[in-house]
Protein chains: 2
Amino acid sequence: MSNDPPGFELPLRLFLGFRTLIDALHAELARQGHPEMRPMHGFVMQAIGMRGTTAVELGRTLGVSKQAAGKTVDTLERLGYVERVRDPYDTRRKIVRLTPRGLDALTRSARIFEELRAGWAAKLGEERLRALEADLRAVTPQDVFRLDVPGWFG
Amino acid sequence: MSNDPPGFELPLRLFLGFRTLIDALHAELARQGHPEMRPMHGFVMQAIGMRGTTAVELGRTLGVSKQAAGKTVDTLERLGYVERVRDPYDTRRKIVRLTPRGLDALTRSARIFEELRAGWAAKLGEERLRALEADLRAVTPQDVFRLDVPGWFG
DNA sequence: ACACGATAGACAACCTGGTTCACTATTTAG
DNA sequence: CTAAATAGTGAACCAGGTTGTCTATCGTGT
């Protein structure tokens, strides 16, 4: 169809939508006491989860090398968002766990995302937004955490 | 509403949608003789356009420093996608122009994006896809080129 | 006519977040 | 009890950003 939007608009809009939400999230997070937090950090902390994880496991979850995962954990540790504790049952392993500050950042992020979603719902209507989410779910992989961030742009 | 999807699913799905398209594009581009091309390269070449540009102008368009734009042009030049020619009317300037190979990559990308969009249209229906595009247009900035890639993830 | 400010490009040093290779310590399996 | 697998770490490297500095050229105001 000659009056379809050009094909390249779709990926661009998806990316801009993502960017719009992420930028708004971090502007608000900065206001709420987490100015040093970077977009990566939220994803990584989400992947670490309440139960904690290890560098190797985290790397697998995120689709990056264990060394890269380790470096990111270093940064998060330096910022006070996570801590490493030795696993008493396997002294090779170090469990990476969220600190109270890390948990605070995560719960605030969740609330802010809800608010941002509500903002979109107000603009588009709840029904259209649900349709948008359903459609995206239909054309994207199920496993939401294998972002493979490293490969995607470089 | 308690049965809304969690707020964090929306940005994730947007990103995954973007990733899905970009990965498919580059898998196909690799098959069609452009295996070294990276996602950035397509955006940058699109920004360079048919008329050519300069490093400073390109930096402004992409929202990065002129030095960063210059480095990216270095890479593109090394890969044979662009060439630099002196501007005879202002010998300070070097015009960055697409080579035939760069143009080939761009026209192939456009065609592949159309095919990918058609794939989504087949899954979702043309009407739903148009609605999705319209909704994204409504919640994202108009200027599609100011991606500000540098700031978005770091 | 010319001096001076603005602009274009390039180079260096640095940062972040990836990569691979190599190594040690520990656990597990044969 | 030895050998293989696994967890973590360090080093060297890369890409693509940043800022600061420098030179060459252009354009303007006196």
Side-chain angles (χ1 to χ4, degrees), chain A residues 19 22 26 36-45 47-48 52-79 81-97 146-154, chain B residues 19 22-23 26 35-45 47-48 52-79 81-97 146-154:
Chain A
R19 275 283 318 254
I22 293 296
H26 284 274
E36 347 74 331
M37 214 175 130
R38 294 283 159 264
M40 276 259 18
H41 301 161
F43 287 108
V44 174
M45 286 196 272
I48 289 170
T53 184
T54 67
V56 167
E57 198 184 347
L58 182 59
R60 267 198 271 269
T61 305
L62 297 174
V64 304
S65 67
K66 60 180 183 173
Q67 294 92 333
K71 279 195 206 182
T72 304
V73 171
D74 288 344
T75 308
L76 251 19
E77 196 174 30
R78 187 171 43 75
L79 294 175
Y81 288 118
V82 304
E83 60 188 355
R84 279 189 248 231
V85 300
R86 285 232 92 100
D87 182 344
Y89 300 101
D90 181 347
T91 62
R92 289 173 307 179
R93 304 173 79 225
K94 287 185 180 172
I95 311 290
V96 179
R97 266 192 332 211
R146 286 301 306 267
L147 295 173
D148 285 324
V149 176
W152 83 269
F153 221 61
Chain B
R19 275 287 317 256
I22 294 296
D23 287 353
H26 285 275
E36 347 73 330
M37 214 175 129
R38 294 284 157 265
M40 276 262 13
H41 301 162
F43 287 109
V44 173
M45 285 196 274
I48 289 169
T53 184
T54 67
V56 167
E57 197 184 349
L58 183 58
R60 267 198 270 272
T61 306
L62 298 173
V64 304
S65 67
K66 60 179 182 174
Q67 293 91 333
K71 279 195 204 181
T72 305
V73 171
D74 287 345
T75 308
L76 251 20
E77 196 175 28
R78 187 170 43 75
L79 294 175
Y81 288 119
V82 304
E83 60 187 356
R84 280 188 248 232
V85 300
R86 287 232 92 100
D87 181 345
Y89 299 102
D90 181 346
T91 62
R92 290 172 306 178
R93 305 172 78 225
K94 286 187 181 172
I95 311 291
V96 179
R97 268 193 331 212
R146 287 300 306 267
L147 295 173
D148 285 325
V149 176
W152 83 271
F153 220 62

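All values below were derived from every heavy atom in this structure, side-chain atoms included, with hydrogens, water molecules and symmetry-related copies excluded. Proteins get letters first, then strands, A, B, ... in listed order; numbering begins at 1 in each.
Rounded to 10°, the helix from C/dA1-D/dT30 to C/dG30-D/dC1 has 10° between the axis fitted to its first five pairs and the one fitted to its last five.
Judged by atom type and distance alone, B/Lys66 reaches the base of C/dG9 through a side-chain donor-acceptor pair under 3.5 Å.
Summary of the strand contacts: A/Arg78 and B/Lys94 both lie near DNA chain C, and taking for each the nucleotide with the nearest heavy atom, the more 5' one is attributed to B/Lys94. Between B/Pro88 and A/Glu57, it is A/Glu57 whose nearest contact on DNA chain D lies nearer the 5' terminus.
Here D/dA5 presents its P atom at 13 Å from CZ of A/Arg92, a figure rounded to the nearest Å. We find that CG of A/Leu76 is positioned 14 Å from P of C/dT16, with the value rounded to whole Å. For the pair B/Gln67 CD and D/dC22 C1', the computed distance is 12 Å after rounding to whole Å. The separation between B/His41 atom NE2 and D/dG17 atom P is 9 Å, rounded to whole Å. Rounding to whole angstrom units, NZ of residue B/Lys71 and P of C/dT16 are separated by 15 Å. Atoms CD (B/Glu77) and P (C/dG9) sit 12 Å apart, rounded to a whole Å. The CZ-P distance, from B/Arg38 to D/dC14, rounds to 15 Å in whole Å. Atom P of nucleotide D/dG27 and atom CZ of B/Arg93 are separated by 10 Å, given to the nearest angstrom.
Residue A/Thr72 has a polar side-chain atom (N or O) positioned under 4.0 Å from OP1 or OP2 of C/dG18. Look at A/Thr54 and you'll find a side-chain N or O under 4.0 angstrom from OP1 or OP2 of D/dG8. Contact annotation: A/Arg86 does not reach the phosphate of C/dA25 (side-chain N/O to OP1 or OP2, under 4.0 Å). Between A/Ser65 and C/dT19 there is a side-chain polar atom (N or O) within less than 4.0 angstrom of OP1 or OP2. OP1 or OP2 of D/dC26 lies within a sub-4.0 Å distance of a side-chain N or O belonging to B/Thr91.
Residue B/Asp90 has its side chain nearest to D/dC26 when only D/dG8, D/dC26, D/dT6 are considered. Distances were taken from every side-chain heavy atom of A/Val64 (C-beta onward) to each of D/dG8, D/dT25, C/dG18; the shortest belongs to C/dG18.
Annotation: the span from B/Glu57 atom CD to B/Ile95 atom CD1 amounts to 8.0 Å, rounded to 0.5 Å.
Heavy atoms of other residues, nucleotides or ligands lying less than 6.0 angstrom from CZ of A/Arg84 number more than 12.
The two atoms that bring B/Val44 and B/Leu58 nearest to each other are CG1-CD2, 4.0 Å, heavy atoms only. Shortest non-hydrogen contact noted between B/Arg93 and B/Asp87 is NH1-OD2, 2.6 Å. Looking at every heavy atom in both residues, A/Val73 comes nearest to A/Val82 through O-CG2, 3.9 Å. The two residues A/Lys66 and A/Val56 have their closest heavy-atom pair at CD-CG2, 3.9 Å. Across all non-hydrogen atoms, the minimal contact from A/Ala69 to A/Val64 is N-CG2, 4.0 Å.
Backbone-only engagement by A/Ala55 is indicated by non-hydrogen atom pairs under 4.0 Å involving sugar-phosphate atoms exclusively.
Under the 4.5 Å side-chain criterion, counting only non-hydrogen atoms from C-beta, A/His41 is in contact with A/Leu79.
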